[in-house]
Amino acid sequence: MDYDHQKTEREWQERWEAEGLYRSVVDWDRPKHYALTMLPYPSGDLHMGHWYAMTPSDARARYMRMKGFNVLFPMGFDAFGLPAENAAVQRNIHPAEWTWSNIERMRVQIRSMGAMIDWEREAVSCDPEYYEWTEWLFRRFYEGGIAYRGEAIVNWSPTLQTVLANEQVIDGKDERTGQPVIQKKMEQWFFSITDYADELLNFTGIDWPEPVKAMQTNWIGRSEGAEVIFEMETGDEVPVFTTRPDTLWGATFMVLAPEHPLVDTLMTEEHRVAVDEYRVAAAAQSELERMQTDKEKTGVFTGGYAINPVNEQRIPVWVADYVLLSYGSGAIMAVPAHDQRDFEFARQFGLPIAPVIRPKGGDRLNGDTMEAAYIGPGTMVDSGPIDGVVTTDAKGRANPSVAAAIDWLEEHGAGTEAINYRMRDWLISRQRYWGAPIPMIYRADGTVEPAPDLPVLLPEAPEFTGGPSPLATDEAFLATVDSDGNPARRDSDTLDTFMCSSWYPYRYLSPHYDASAFDPDEAAYWLPVDTYTGGAEHATMHLLYTRFFTKAMRDVGVFADTETAMRAHGRDPEGLFDEPMTQSRNQGQILGEERPGDRLVVAGEWVDGRFVAESIRVDDHAASDAGPVVGELIRRTERTLQVQTADHMVTVEVPEDAEVEVPGIDGINDVTQLRHYLEVQRMSKSKGNTVNPDELVERYGADTVRLYLMFAFDWEKGGPWDSRGISGARRFIEDVWKIGTTEYEPGTVSADASLALRRAAHQTITKVDRDMEAFKWNTAIAALMTLRNDLLEARRTTAVSLEAWNEAVDLLLVLLAPIAPHVTEEIWSQRGNAESIHLQSWPEADPEVAADQTVTLVVQVNGKVRDRVEVSPDIDEETAIAAAMASERIQEWLTKGEVRKIIARPPNLVNLVIN
RNA sequence: GCCCGGGUGGCGUAACAGGUAGACGCGGCGGUCUUAAACACCGCUGUCCUUCGGGGCGUGGGGGUUCAAGUCCCUCCCCGGGCACCA
């Protein structure tokens, strides 16, 4: 009987659900494992990326369960956000209706994965019973001094009609739509994430991917240095942050950001017009233009002077847009001799350049003739008290000259050691409707207080115009009373949806709990998350926010009841609320299938019937007479391209030095770039290279799709989809089906063959166990395929005993169960097992059975393999050398020279060095 | 510019602690079955030479350490990602 995946998968999914196989219940007698995968946004349809993220996470959770852990694997939806409002504008459908119908649809799709999700713990962030507690957490943060209202220059997206957090702006554009963002001064709500900067930089005790740690570290951008106070001639004081206080004696001017508040008081009448003009021009520039680093330095003199505190020198104060108000204090001391930006500025405006570092092993620098700033080690010169101190490439106090300068500054009250961060506080106000309302009230006297009753429910907004948020004009919503019963106004903004997703692992524990954000008894058992999986694209957003959130929750006492409950069960809560997730892993991205069909224009010449390219251009709109060979790319190999021109097929040879012009990459490219352009494309509807998982599931079954996704890629890397490859996965499933469901009849049984199969099976346990532990799905499956091959071979030879056969088959099924849960369950049941395969414990390899009887001893001569000999695994050095020398082939080699040295690594290798 | 991650057959990938490079799969080639094709099954498949015993070369390029290097060190090139006038 053929394997009917549709029937099997449907039936078992229903049965698992009916029998509550995946309900997870607190059980203090068993070790727990909280497995979590990033919750999806309900965009409408599950795509291959969801399958790629979720099904291996499920396999891993199943594996942990078989290893004896009480596993919680929940699912939910991150359901607030702009797409729902866009749908409302475009299709006249309420965001709630759009969102909930998408969730309905995606629940069905997720169920088709056959994952061990405990649906009773599902949490949806747009549900009032969820966002009541998002609001509650905001209030706790407000009361705890972590949420504050402040005026700041913020990123305003005219397209989205809202402000955005720094993390959501990339290259001056909104990360979702790619539309430009402008700078605007507004009063908004912030979380003081910068207070946690140092704690966030500390990753000890958590097992997170190196790239994510690096990205977060980079993002936080800690710089060590000093804050130096410069007194202006007007009497004002301007603090300046510098990482190089040791170069203070070389500061020849000062620069303020155009938006700096002191510019007004500092500038003299004669410079007012010029400065104002400059400020207007700077303000008119988009963030994008301002960030261009290659343009010429611009700026203008204010007419004001500051006093350099280290040497009382009078230095001019300029305004320039290369100084950013958002970093440090928005003012810098300029040391043109040792900072390239300051150098360029000084040359541009003829300002003096005063070197204070004598390069290591070099002569003194001359400020008039230098061609670039000197940034390197040396000795301090012309620097008063720190003259002669050595300067190195080290940062902060680790650099002797910096340490000396800081000491001097602190001694003389001119400055202090300081640390500055690139990261800014988290802006959480959004001028949008579809989010959790900010539960704050503005009283008539101008003070602010938290809304007394939670949740503040979203009103049924009547109209979505695409303009300003409907909340901003909803009088019925805005009008309220304060705690004294006087008329007051509500905040019309909603919370950044990243706030909702920052605490969802806690809501999963008790999604319907109404006494607090989560049930402390559940939390005491399940927290923290043991394994978290998801995309690395969230490294400086969700993954950073959620770490901050847990620390902030800890500090405002949200976990107090949980700690009490833990102690009652004898669990020490110390340090358990410092990080939300102990271990984290990122899957890569599934890209679109390599797709021929690009239109190429090739120039070159004919050589022996082949066309050798000199230049290749990818141009989808090229006319057919644009070059000697113009046509569709049909096939590509390493060095050749098959191009279908208007009338015939041409094989184009691509030499290493051919010029390649690829859209989106400027300048002249090479063959590698062409290769990557043709190969790697993200899946997108506009490119027409999407793969619909639903169709594949219907055709091949969920088990096959799961298995293929886990087999065909290095999970942490991802790669382009290959629709041909899936047949191998399906073939494997069918082979397992045949092996497991058709009777095996032994013929002439041999003890050796039986033991060989048993050995193979037990060795497979070890491999699969190691690989699943490490998320190496592809090699785990390769090991299982090898066992499949062994079983097929055993069936052909019929030399294996029935016992050995059955043991190997059962092991194959149990080891495969986390990856392909349906087919293994069906075969398991057909083989007469009453209890679910998913309740079996993970097998352990019997070391005696798994031990190799013989091993291959590699014999090398001068490091090159010349022969292989089968030997006993416990062979000693002498015997191994003797065995190696005994080989006929080796004897032949030995005639060519004298043995000078023998390296023996029994039982694997003997290397004979001859000359 | 700085910081991560990469570069291995036609393709996806594998190689635990320096010790048999290419496991496993896709694709391709040959064969069996079939009226035929598909499926299935069997065999071959890095590359060049070969007297068919085997031998040379081969993990982005160059150099080094070592009895032995995909793996370690130096250097350069290329690809992907992150940050970036960050003081």
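FYI, side chains are in, hydrogens and waters are out, and symmetry mates aren't considered; it's all heavy atoms of this structure. So you know, we letter chains A, B, ... as the sequences are listed, proteins then strands, and number each from 1.
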### Message
Any heavy-atom pair between the side chains of A:Arg868 and A:Val859 that's under 4.5 Å?
### Response
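No, side chains not in contact.
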#### Entry: Minimum side-chain heavy-atom gap A:Pro336-A:Phe345 below 4.5 Å
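A:Pro336 does not reach A:Phe345 side chain to side chain.
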Shortest side-chain distance from [X], nucleotide among [options]:
X: A:Asn778; options: B:A14, B:C41, B:A87; value: B:A14
X: A:Ser727; options: B:G56, B:U13, B:G27; value: B:G27
X: A:Phe711; options: B:U20, B:G12, B:C42; value: B:G12
X: A:Ala782; options: B:A23, B:C83, B:A87; value: B:A23

### For RNA chain B, stems built from three or more consecutive Watson-Crick or G-U wobble pairs below 3.5 Å
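Stem list for RNA chain B: B:1-7 with B:77-83, B:10-12 with B:24-26, B:27-32 with B:40-45, B:46-49 with B:54-57, B:60-64 with B:72-76.
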Are [X] and [N] close enough that a side-chain N or O sits under 4.0 Å from OP1 or OP2?
X: A:Trp893; N: B:G55; value: yes
X: A:Ser223; N: B:A87; value: yes
X: A:Arg731; N: B:A40; value: yes
X: A:Lys864; N: B:C57; value: yes

### Task
Scan A:Gly221 against the nucleic acid and name what it touches under 4.0 Å (heavy atoms): base, sugar-phosphate only, or nothing.
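The answer is nothing, as A:Gly221 stays clear of every strand by at least 4.0 Å.
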### Message
Can you tell me whether the base of B:G25 sits syn or anti, using the 90° cut around 0 to define syn?
### Response
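Anti, since the glycosidic angle lies more than 90° from 0.
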### Query
Which way is the base of B:G9 turned, syn or anti, if we draw the line at 90° from 0?
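Nucleotide B:G9 adopts syn.
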At less than 3.5 Å, do the side-chain atoms of [X] and the base atoms of [N] form a donor-acceptor pair?
X: A:Asn911; N: B:C67; answer: yes
X: A:Arg905; N: B:G19; answer: yes
X: A:Lys297; N: B:C85; answer: yes

### Query
Are A:Arg706 and A:Trp51 in a cation-pi setup, meaning NZ or CZ lies under 6.0 angstrom from the ring centre and within 45 degrees of the ring axis?
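No, A:Arg706 and A:Trp51 do not form such a contact.
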